[in-house]
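I am attaching a structure below and will ask some questions about it afterwards.
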Amino acid sequence: MNNYSIAVIPGDGIGVDVIDEGVKVLDALGEVTGSYKLDYTWFDWNTERYLSKGSYMPDDWQKVLEPFPAIFFGAVGWPAKVPDHVSLWGLLLPMRKAFDQYANVRPVRLLPGLQGRLVGKGAAEIDFVCVRENTEGEYSGVGGRVHRGTPHEVALQEIVFTRMGTERIVRYAYELAREQGRTSVQSVTKSNAMQFSAVFWDDVVEEVATEYPDLRTDKYLVDAMAARFVTHPESLEVVVASNLFADILTDLGGAIQGSMGMPPSANINPTRKKPSLFEPVHGSAPDIAGKGIANPLGTVWAGQMMLEFLGEREAAALLMRAMESVTREGETLTPDLGGKATTGEVADAVCQALRRA
Ligand code: GGG
């Protein structure tokens, strides 16, 4: 039996609802397989903490989290109480950057039985993965505002692409393509308009691609790729893009997966020298927080990716099959997927499927 120490940060809004259920499913899977046990340390780092103590995390947060191989994260943000740029830069983005979680892996797969939003495109057509650069690009955090409130006010937000950062994410995408038995990689930029940063990205892709002659390389402008998600999702295998472009595209990915409640997100430090972080793609959705109707499947799927990362491949495969059997049956789904079940009932259905298996 393998033991893993996991840091759990439910965060805000429905993050709390879905993480509770995600933990329930991961524990049930550990019991069913007998292959692992997760020892959780819970952290109440969220907007309430910010309001009462002035920060989302304590000063020594890096030292506290560093011993954990993985962080199981819910969601951040409560815009009625704290502006979103304060909460995102107070909790999630510092972890991605400080722990060098440079590869953000986001599968876009329509699970069996679910109604996608695209006419004529089912589970066979919607099955690819997005690799998002996760530490620089449009999220570099470099910029400033001057002459506030005056007619000559200036706001600058710098896009930063480094050779090291670009090469490593592109290489990660090609390696993932090989690992998953794919035949191609789709690189996304806006190099007709962004003649410096995006053309640089294209150049790096061309260089790295020579190391992978077995894989085809396709290049798309981000606007064309947005259309392609809808018109030809079956032509996509491993989509690699910058921080902001991939963030936007993967919300579209959530939509074609049936609901924003479905997609998971693995923020990986491939060196494993610092913790990796696993979360649903969706945010905190304050409007439905605490109502018991949030879809827990994106979080359960993120937990499944965490188990794969930890090396529990058989358990992870079993959990994927259990989720698929729940979606295939289609009887226990939350309202975002057209069902009437609660968050807890969906997680219970996954647990039952695990026990049946
Ligand atoms: N569960 C993830 C979460 O809370 N996401 C909030 C969000 O807006 N993230 C922005 C990003 O991933 O770039």
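Here the structure is a predicted model, which means the values were calculated and not measured. Both counts, for ligands and for their atoms, begin at 1 and track the order of listing.
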Close N or O approach (Gly283, ligand 1; < 3.5 Å):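 It does not: no N or O of Gly283 is found under 3.5 Å from an N or O of ligand 1.
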Considering only heavy atoms of Glu279, which atoms of ligand 1 have at least one such atom less than 4.0 Å away?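 With Glu279 as reference, the close atoms of ligand 1 come out as 1 (N), 2 (C), 3 (C).
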Structural part of Leu88 in contact with ligand 1, heavy atom criterion under 4.0 angstrom: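 Leu88 to ligand 1: side-chain contact only, backbone stays beyond 4.0 Å.
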Would Met305 end up clustered with Tyr40 when hydrophobic side chains under 4.5 Å apart are linked, directly or stepwise?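 Same hydrophobic cluster.
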Salt-bridge test for Arg356 and Glu329: reply yes if a basic N is under 4.0 Å from a carboxylate O, no otherwise.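 Salt bridge between Arg356 and Glu329, a charged N being under 4.0 Å from a carboxylate O: yes.
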Counting only heavy atoms closer than 4.0 Å, does ligand 1 sit against the backbone of Val76, its side chain, both, or neither?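 It is both backbone and side chain that touch ligand 1.
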Side-chain donor/acceptor pairs under 3.5 Å, residues 282-294, sequence neighbours excluded:
| residue | atom | partner | partner atom | Å |
| --- | --- | --- | --- | --- |
| Ser284 | OG | Gly77 | O | 2.5 |
| Lys291 | NZ | Asp287 | O | 3.0 |

Atom 3 (C) of ligand 1 [closest protein heavy-atom partner, distance rounded to 0.1 Å]: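 So the nearest neighbour among protein heavy atoms is His282 O, 3.5 Å.
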Are the side chains of Asp100 and Arg168 in contact, using a 4.5 Å heavy-atom criterion?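 They are in contact (side-chain heavy atoms under 4.5 Å apart), so the answer is yes.
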For Arg321, is there an ion pair with Glu324 - N to carboxylate O distance below 4.0 angstrom?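 Here Glu324 does not pair with Arg321 in a salt bridge, since their nearest N and O are not under 4.0 Å apart.
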Are Pro280 and ligand 1 in contact, using a heavy-atom cut-off of under 4.0 Å?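 So Pro280 counts as touching ligand 1.
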Starting from atom 12 (O) of ligand 1, which protein heavy atom do you reach first, and at what distance in Å?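 The protein heavy atom lying closest is Arg96 NH2, 2.8 Å.
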Heavy-atom contacts with Tyr139 under 4.0 Å: which atoms of ligand 1 show up? List them by number with element.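 Going through ligand 1 atom by atom, the ones under 4.0 Å from Tyr139 are 11 (C), 13 (O).
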State whether Glu345 and Lys340 are salt-bridged, where the test is any N-O pair (Lys NZ or Arg NE/NH1/NH2 against Asp/Glu carboxylate O) under 4.0 Å.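 Result for this pair is no, no salt bridge flagged.
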Could you list which atoms of ligand 1 come closer than 4.0 Å to a heavy atom of Gly74?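 The list of qualifying atoms is 1 (N), 2 (C).
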For the pair Phe128 and Phe229, name the ring-plane relationship: parallel under 30°, tilted 30 to 60°, perpendicular over 60°.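 Taking Phe229 first and then Phe128, their aromatic rings stand perpendicular (interplane angle over 60°).
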I need the contact type for Arg106 against ligand 1. Using non-hydrogen atoms and a strict under-4.0 Å cut-off, is it side chain, backbone, both or neither?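 It is the side chain that gets close, since no backbone atom is under 4.0 Å.
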Please identify which atoms of ligand 1 are closer than 4.0 Å to at least one heavy atom of Asp247.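 Checking each atom against Asp247, I get 11 (C), 12 (O), 13 (O).
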Pair Asp12 + Arg49: basic N to acidic O under 4.0 Å: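 No.
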When you measure from atom 13 (O) of ligand 1 to every protein heavy atom, which one gives the shortest distance, and what is it?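 Checked against all protein heavy atoms, atom 13 (O) of ligand 1 sits closest to Arg132 NH2, 2.7 Å.
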